[in-house]
**Student:** 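The following block contains the structure, expressed as structure tokens.
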Amino acid sequence: MSHTNPDPEPERTTGLEPGGGVPPGETPPAESSLPEAGPRETHNPTKGWAKGPLALILLLVVLVAAFFLVYAIVLAL
């Protein structure tokens, strides 16, 4: 089983200068930014937590905290 190097040889790679750099015009230009490139979005859902799930999580936290507080008081007696 022979192993070949997947990297190209710098001497045989096109577009490279002797020091290994790339001359101007050899690389593609950077992507331009177009703010209106995509389709118009008419539905923008609200950001953040909905009131219902947030209230349920808060209620669960309060119940767990109350349980441990009562448990600590019972153990202290």
Side-chain angles (χ1 to χ4, degrees):
M1 179 179 211
S2 65
H3 176 70
T4 59
N5 187 1
D7 296 330
E9 296 177 22
E11 299 84 30
R12 296 177 47 190
T13 304
T14 59
L16 287 181
E17 293 179 339
V22 180
E26 194 65 33
T27 57
E31 181 178 328
S32 64
S33 173
L34 298 175
E36 299 175 5
R40 180 183 167 112
E41 292 187 24
T42 56
H43 172 68
N44 292 322
T46 59
K47 294 180 179 170
W49 286 80
K51 292 179 183 176
L54 189 59
L56 288 175
I57 292 171
L58 188 59
L59 177 67
L60 182 66
V61 168
V62 169
L63 287 175
V64 169
F67 169 77
F68 283 113
L69 180 65
V70 169
Y71 189 71
I73 291 173
V74 169
L75 285 180
L77 295 178

**Student:** Working to the nearest 0.5 Å, report the span between CG of Leu56 and CG of Leu60.
**Tutor:** 8.5 Å
**Student:** Drop me the distance from Leu58's CG to Leu63's CG, to the nearest 0.5 angstrom.
**Tutor:** 10.0 Å
**Student:** Are Phe67 and Val64 connected in a single hydrophobic cluster, I mean Ile/Leu/Val/Met/Phe/Trp/Tyr linked by side-chain heavy atoms less than 4.5 Å apart?
**Tutor:** yes
**Student:** Mind checking who shares a hydrophobic cluster with Val70, ILVMFWY linked at side-chain heavy-atom distances under 4.5 Å?
**Tutor:** Val74
